[in-house]
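First the structure, in the form of C-alpha cells, and then the observations on it.
Proteins come first, then strands; the chains are lettered A, B, ... in the order of their sequence lines, and each starts at number 1.
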Protein chains: 4
Amino acid sequence: MPKPTFFNLKEEKREKIEIVAIKEFAERGFHGARLNNIVQEAVIAKGSFYQYFCDLEDLYTHLIIKLNRRKMDAIYEELKRHKTTDIFTQLALILKAVLQFIHSCGEDVLKMLNHPFPAFFYASEEIRELREKSEKTLFEPLIKEAIAKGDIIDDEDLAYSVLSHSGAIIREYLFHKAHSRDYFDIFSDEKAYNDAAELINNFIKQGLKAK
Amino acid sequence: MPKPTFFNLKEEKREKIEIVAIKEFAERGFHGARLNNIVQEAVIAKGSFYQYFCDLEDLYTHLIIKLNRRKMDAIYEELKRHKTTDIFTQLALILKAVLQFIHSCGEDVLKMLNHPFPAFFYASEEIRELREKSEKTLFEPLIKEAIAKGDIIDDEDLAYSVLSHSGAIIREYLFHKAHSRDYFDIFSDEKAYNDAAELINNFIKQGLKAK
Amino acid sequence: MPKPTFFNLKEEKREKIEIVAIKEFAERGFHGARLNNIVQEAVIAKGSFYQYFCDLEDLYTHLIIKLNRRKMDAIYEELKRHKTTDIFTQLALILKAVLQFIHSCGEDVLKMLNHPFPAFFYASEEIRELREKSEKTLFEPLIKEAIAKGDIIDDEDLAYSVLSHSGAIIREYLFHKAHSRDYFDIFSDEKAYNDAAELINNFIKQGLKAK
Amino acid sequence: MPKPTFFNLKEEKREKIEIVAIKEFAERGFHGARLNNIVQEAVIAKGSFYQYFCDLEDLYTHLIIKLNRRKMDAIYEELKRHKTTDIFTQLALILKAVLQFIHSCGEDVLKMLNHPFPAFFYASEEIRELREKSEKTLFEPLIKEAIAKGDIIDDEDLAYSVLSHSGAIIREYLFHKAHSRDYFDIFSDEKAYNDAAELINNFIKQGLKAK
DNA sequence: GATGAATGAGCGTTCATTCAT
DNA sequence: AATGAATGAACGCTCATTCAT
C-alpha cells in the first residue's frame, strides 16, 4: 500500500508516476522493471520514491489493484445501466464491459497485464482479498439470484468455476482460431470478440440452464 | 538444452540436481531462484553447473520439457490402455492421467508448475514447439474424430478452447468449493477430484454434444 | 567519460581515486588491473565507483586523456614562452617540456604510460580524436612552416615520421648507453637526457635540413 | 619454455597446435585468447595442453621466440648472401629481409605481432635475453665495423638507437602518408615499402656518415 | 518533504588449472 | 601420455535501499 505521502501528491505528479511505472512494467515485466528507469522518467528523486512506496512490489500491487477496481467499477456500471436479471445477459454485459475497459486503458496497461504476474503476487494477502472481493463478489450474487429464480441448475460452485473462466475461454478461442499469440489482436477486432463472447455465452448456457 | 556432460552423469547425481532445482524453483519461482542455492544443495561446484547447462534458463527449460513429456506420455498411455472413441470418455481419461501424474511427481513439481512461466519461456522456439506438440496435438485429433462421427457440434475452435480449459475449471471448482488456495490440496482428495472431473465433463458435454 | 558525479566530488577524493588508479594501472597494466584493488585502496564502495565511471575502461580512458592534455598543454606553453620559429629549436623545446612533464607526474604515471595500450583503446572514437589532436596537431604546422621557410627539405611525411620518433630514439639511446631497462632511470638524469636530446636533434637536422 | 613432451610430439601435431594458437592470438590478442578455443581447434585435450606447456604465457613466449629466431635467421641469410660491408647497404638488406619474412609468415602471424605485447612479456627474463640477442647482436657488429672503417661517425649508441628505429620510422612514414592505421596495408604494397625504406635509409645516412 | 550520492551484498558467469581415470 | 570432468576463486557489475544534507 502506498504511503500517505503518495496520496498527498499533486494529482498531476501522482499520475505521472503511475503512467511511467505502467510503461516500465509493460515494457519489461515486473522482474525486468528498474526503479532507476521509473524515477528517471517520472523526474523524481530516488529517495522520494521511498517516501511514496515501500518498494517496487508496493507500487506494482497498487497499480494492479487500482486497475482492477476501475475494471470492476466499469462492469458494475454497465450492469446497473441495463438492469437485467437474466444471468446470461448479465454475463454478456460483463464481457462487453471488460472489452471496453481494456480499450479505454491504452496499450501499456494491456501489455503490463499481459505479463505473467510475479510470484510474490500470489502470496500477498492484499491480492487474496482483491480476488475475493472482485470476481467472487461479482459473480456470486448473480449466481445465487439465478439459482433462486430457477434459471440455472442448483450448483453454485459449478456455475462460478465456469463463469469465472468465460473470459479465458474466449481468449483461447480467438487465439486458437487465429493461430496467434499476440494478446492485442484479440481485443482489437471488436466484432470477432463479440461473436466469440456470444458463442461461449451460449455454450455455458447449455450446461448451466435448469433442466 | 543441457550439455552432453549432464547426461553422462551418474543417474543418482543427475537426479539430485534435478530434484534440488525443482525444489528451488518451486519455493521461489524462476526469477527468485538462486544458482548459489542450487549448487550448494546439490553439492556441486558452481563451475560444474556450467559444464552441465548453459545457464539457469537452460536448466529450467530442461525441467519443464521433461515434466511435460512425462505428462503427455502418461496421458497417451492411459488413452491407449482403454481404447475408447467417445470424446468425453477420453477427456475423463486425460483428466485422470493428469491427476495420477501430479501425484507421482510430488508437491514440489506441482508448486514449480504453479508459478507463472518466466517471460523468456514464451520467446523460446523450443517452448513454442513444446506447446504445439502437447495440448494441440492431444486434443485436435480427438475433436476432429468426434466431429466426423457426429458426436459433437461442428466447431473445432469452440471444442478446443473449452476442452483445453477443462482442467483449469476443475481446479477453480475445487478451490471455490474448499475456499482453499493451497494448490496441492485439490489433488490430494482423489474422490473429490474425480467427482469434479465428472461434473465438468458432463457440463462440457451439454454444450458440445451434437443437436 | 566519467559521470558528472565524479567531477562533483571533493578535489581531495577525486585525486585519491586517480592516484590509486594510476598506481594500479602502472603496476599491472590495464588488463591486469583489478577494480577490487582500486576501490579498496581508494576506500570507496564498489557501487560508488560505478556512480563515477561507466566501467574500468572509462576510468582508464579518462586518465590517459587527462595526462595527454596536460602534456600537450605543457608543450604548447613551453613553445609559447620562447617564441622561436626554428623547427629544431622548437623540437628541443618540445623534448624539454616532455621531460619536465614526466618529472612532474611521478614514476607511476610513467610506468602506466609505458604499458602497451589495451586493444579497446584504439577502437574508441574519443581516442582517435585525441591522437589526431595531439602529435599530428603539434608537428604538422611546425613542419609546414619550416618547409615554407625553406628550412627543411620538402617532404612532410618524412619530417613527421622522423620527428614523431625523436622521443623514442632518445630513450633508446639512453637505454642502450646505460644497458638499463628501467624506464624511469632515463628521465632522472636531466643532464644526460638533455645531451641525448641535443644529439638526436642534431642527427635529425642533418637528414632534414634543406640542401 | 615448452616441456619436453611438446617436442616429442609428431611434427604434424606440434605444428597444428602452433598454427591454431597463432590464429587465436591473432584474432583476440594474448589477453583475449582462450585456452578452450585453442585446445578445441587443435583437437587436443585440455589436460594434454598442460603436458606440453606450463600455461598460456609459456605457449605465447614460445611462439614469439620461434618467430623472432626465424626472422633473425632470414636476416642473417640475406646478409650472408650479399656479402657487403657497407652499413647502409646492409640496412637495406635487413629491411628487405623483414618484409619478405612477414610476407612468408602469413596474415595471422602479422596480426598476432600487431597486438601490443602483454605486460608479463617485458618482465620475463627469457624475453630480455631474446632482445639482447636479436637486435643488439645484429646491429652492434655492423656498427662497430662501420666505425672502424670510418664509414660512420664514432658514436655507437647514436647509431644503434637510430638504426633500431628505422623499421618503426618506415611504418610511421607509410601510415602518415596513407592516413591509415591498418597494419597490413604497409606491407602489402611492396614498391611503396621499398621506396620508403630507401628514403629512410638515405635520411639516416645523412646523419650518420662520417664527416 | 525532497534529494541523490553512497552503499555493499549479491548476482551470474568465466576459465585456468587440477586430478582421477 | 592422454583425457575431460571437476573445481572454485575471482571477476566486473547491478541496483534496491539508506541516509546525510
For dT17(F), the Watson-Crick or wobble partner whose two distances fall under 3.5 Å |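 Matched dT17(F) with dA6(E) under the 3.5 Å cut-off.
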
So which nucleotide does dA1(F) pair with, by the Watson-Crick or G-U wobble rule with both distances under 3.5 Å?
->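 Its partner: none found.
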
Under 4.0 Å between a Lys/Arg side-chain N and an Asp/Glu carboxylate O for Glu18(A) and Lys66(A)?
->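 A salt bridge is present here (some side-chain N lies under 4.0 Å from a carboxylate O).
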
Could you state the [atom1]-[atom2] distance from [X] to [N], rounded to the nearest angstrom?
X	N	atom1	atom2	result
Asn8(C)	dA6(E)	CG	C1'	14 Å
Leu9(C)	dA5(E)	CG	C1'	9 Å
Phe53(C)	dG12(F)	CZ	P	15 Å
Phe7(C)	dA5(E)	CZ	P	14 Å
His31(C)	dC15(E)	NE2	C1'	16 Å
Tyr60(C)	dG12(F)	OH	P	16 Å
Phe6(B)	dA6(F)	CZ	P	11 Å
Gln40(A)	dT3(E)	CD	P	14 Å

Could you run through nucleotides 7-12 of chain E and give me one letter per nucleotide, 5' to 3': B if any protein heavy atom sits under 4.0 Å from the base, S if only the sugar-phosphate is that close, - if neither?
-> BB-BSB

May I ask you to decide if the ring planes of Phe49(B) and Phe53(B) are parallel, tilted or perpendicular, using 30° and 60° as cut-offs?
-> tilted

Mutual orientation of the aromatic rings belonging to Tyr52(D) and Phe6(D) [parallel < 30°, tilted 30-60°, perpendicular > 60°] =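 Rings of Tyr52(D) and Phe6(D): tilted, 30 to 60°.
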
Taking the side chain as C-beta and beyond, is there a heavy-atom pair between Arg34(A) and Glu24(A) under 4.5 Å?
-> yes

Side-chain heavy atoms of Val39(A) within contact of Tyr50(A), under 4.5 Å =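 The answer is no; the side chains never approach within 4.5 Å.
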
Decide if the gap between the ring center of Phe120(C) and the ring center of Phe30(C) is smaller than 6.0 angstrom.
->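 Yes - the distance between ring centres of Phe120(C) and Phe30(C) falls below the 6.0 Å cut-off.
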
